[in-house]
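Accompanying notes for the structure given below.
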2 protein chains.
Amino acid sequence: MSTEMEPGSRTGRRIGLLHVAFDQALAAVLAEAGPAHPELRMAHLQIFRFDGIDGSTAAELAAHAGMTKQSMHELVVHLERFGYLTREPHPGDTRARLLRLTPAGRALEQDVHRAIAGLLESWRDRLGPERFDTLWEILREITGDRRPLPDLATISVPGRLRGPE
Amino acid sequence: MSTEMEPGSRTGRRIGLLHVAFDQALAAVLAEAGPAHPELRMAHLQIFRFDGIDGSTAAELAAHAGMTKQSMHELVVHLERFGYLTREPHPGDTRARLLRLTPAGRALEQDVHRAIAGLLESWRDRLGPERFDTLWEILREITGDRRPLPDLATISVPGRLRGPE
DNA sequence: TCTTCATGGTCAGGAAGCCTGACCATATGA
DNA sequence: TCATATGGTCAGGCTTCCTGACCATGAAGA
């Protein structure tokens, strides 16, 4: 390690901070921007962080988000109950339900994207354009992004180190 | 945004992935490296991600980790119960308890640091030295690191967007 | 066609990781 | 000395996931 590198602990923390900062900015901007959506929780925003909600199925979203379909189910149902999306029959697969954003859902999606854009803008200001682009590029490289989305499905954070025995 | 920038969603996801990748590598390497510690969960490792456990108090750790002392309390007690640390009286403050790593605790700390070092090494291989250093520098900049640690205490991720009403 | 297996969705229950509230004991400073 | 802050602790709750168990449907092979 060339940069004077702390044992490693700080890096772990810093990555955590990056993540936290992102979530926080998201929550903050949204809490202010939309006087709406009081019934939404962070987990729901996590979903809106991705594109393509509209027109996909819960199972697909679950795969993209790296969670079980049961977990995603709950989020989707919640979102439906509060009018952010509807579930229409999937043409060509009677089992599946096609998710459709309502106007409210679309507005929320916009809010989330605006919040993210704002945060990125502030980072960009802080870092300067070149280094910001570099960060972007590095993130892409580290998280491996040749394919569009599905890679996420293979990643899952174990709640424990070992199985629940 | 100069790099062809997706609406923002991908960036959010990518940062999440960075975080997840880190946690995962940590879990994986440790699960393999130490056939020990079956009773440890990720939350405990999160603690070991920081230095300075040994000799600090639970309240300090809580501040560093950005969580309440009650939450940290549970983790610390757990760690104590399973022999990773002890709590001795704090000289100079009868209320406080000084945390002390046991040999097992110290070994675990080493494992965690080794795991992190290994992950960073792999990123370094993938990115090349200069860009790796750049990432490091950018992370430092974004997460703001003039002061040693305490800044984290001010950050908290809301579980909801609004207060619990 | 019948059978088998995979997949989308759903219900039920639980674990983990946090949180808030309420307290006690001790520091600390006016 | 008295108010207030702080370390630690207990109790209880909420959120966000998870696993297990199912049903209905789809796909693929015997």
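Just the heavy atoms: all of them, side chains too, but no hydrogens, waters or symmetry mates, feed the values below.
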* To do: Name the nucleic acid region contacted by A:Thr57, choosing base, sugar-phosphate or nothing; use a 4.0 angstrom heavy-atom cut-off, strictly under.
  =>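 Sugar-phosphate contact only - A:Thr57 comes under 4.0 Å of backbone atoms but never of a base.
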Counting only side-chain N and O atoms of [X], is one of them less than 4.0 Å from OP1 or OP2 of [N]?
X       : N      : value
A:Arg41 : D:dC17 : no
A:Ser71 : D:dT16 : no
A:Arg97 : C:dT10 : yes
A:His73 : C:dT10 : yes
B:Thr94 : C:dT26 : no

* Asked: How many angstroms lie between atom NE2 of A:His78 and atom CG of A:Leu40, to the nearest 0.5 angstrom?
  ->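 Nearest 0.5 Å value for the NE2-CG distance: 6.0 Å.
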* Calculate, to the nearest 0.5 Å, the distance between atoms NE2 and OG belonging to A:His73 and A:Ser71 respectively. =>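 Interatomic distance, A:His73 NE2 to A:Ser71 OG, rounded to 0.5 Å: 10.5 Å.
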* Counting side-chain heavy atoms from CB outward, which of C:dT10, D:dG7, D:dT16 is closest to A:Lys69? ->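 In terms of side-chain proximity for A:Lys69, the closest of C:dT10, D:dG7, D:dT16 is C:dT10.
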* Select one nucleotide: of D:dC18, D:dC17, D:dG8, the one nearest the side-chain heavy atoms of B:Ala59. =>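 When the side chain of B:Ala59 is considered, D:dG8 is the closest of D:dC18, D:dC17, D:dG8.
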For [X] and [N], give me the distance from atom [atom1] to atom [atom2], rounded to whole Å.
X       : N      : atom1 : atom2 : value
A:His44 : D:dT15 : NE2   : C1'   : 10 Å
A:Met42 : C:dG17 : CE    : C1'   : 16 Å
A:Met67 : C:dA16 : CE    : P     : 18 Å
A:Glu39 : D:dC14 : CD    : P     : 18 Å
A:Met72 : D:dT19 : CE    : P     : 15 Å
A:Glu88 : C:dG9  : CD    : P     : 13 Å
A:Leu40 : D:dC14 : CG    : C1'   : 17 Å
A:Glu74 : D:dT15 : CD    : P     : 10 Å

* A:Asp93 vs A:Leu75, nearer the 5' end of DNA chain D by closest nucleotide ->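 Counting from the 5' end, the first nearest nucleotide belongs to A:Leu75.
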* Would you call A:Arg97-A:Glu88 a salt bridge at under 4.0 Å N-O? ->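 Not counted as a salt bridge, because no side-chain N and carboxylate O are separated by less than 4.0 Å.
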* Asked: Can you find an N or O donor on one side and an acceptor on the other, under 3.5 Å apart, linking the side chain of B:Arg95 with the base of D:dT6?
  ->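 Answer is yes: a donor-acceptor pair is held.
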* Asked: Taking N and O atoms by type only, does the side chain of A:Gln70 place a donor or acceptor under 3.5 Å from a partner on the base of D:dG20?
  ->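 Such a pair exists between side chain and base.
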* Quick one: do B:His90 and B:Asp93 satisfy side chain to side chain contact (heavy atoms under 4.5 Å, CB included)? Show the steps, please. => CA-CA 5 Å; B:His90 188 301; B:Asp93 191 339; 3.9 Å; yes
* Is there side-chain contact between B:Arg100 and B:Thr86, with at least one heavy-atom pair below 4.5 Å? ->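 Yes. Closest side-chain heavy atoms under 4.5 Å.
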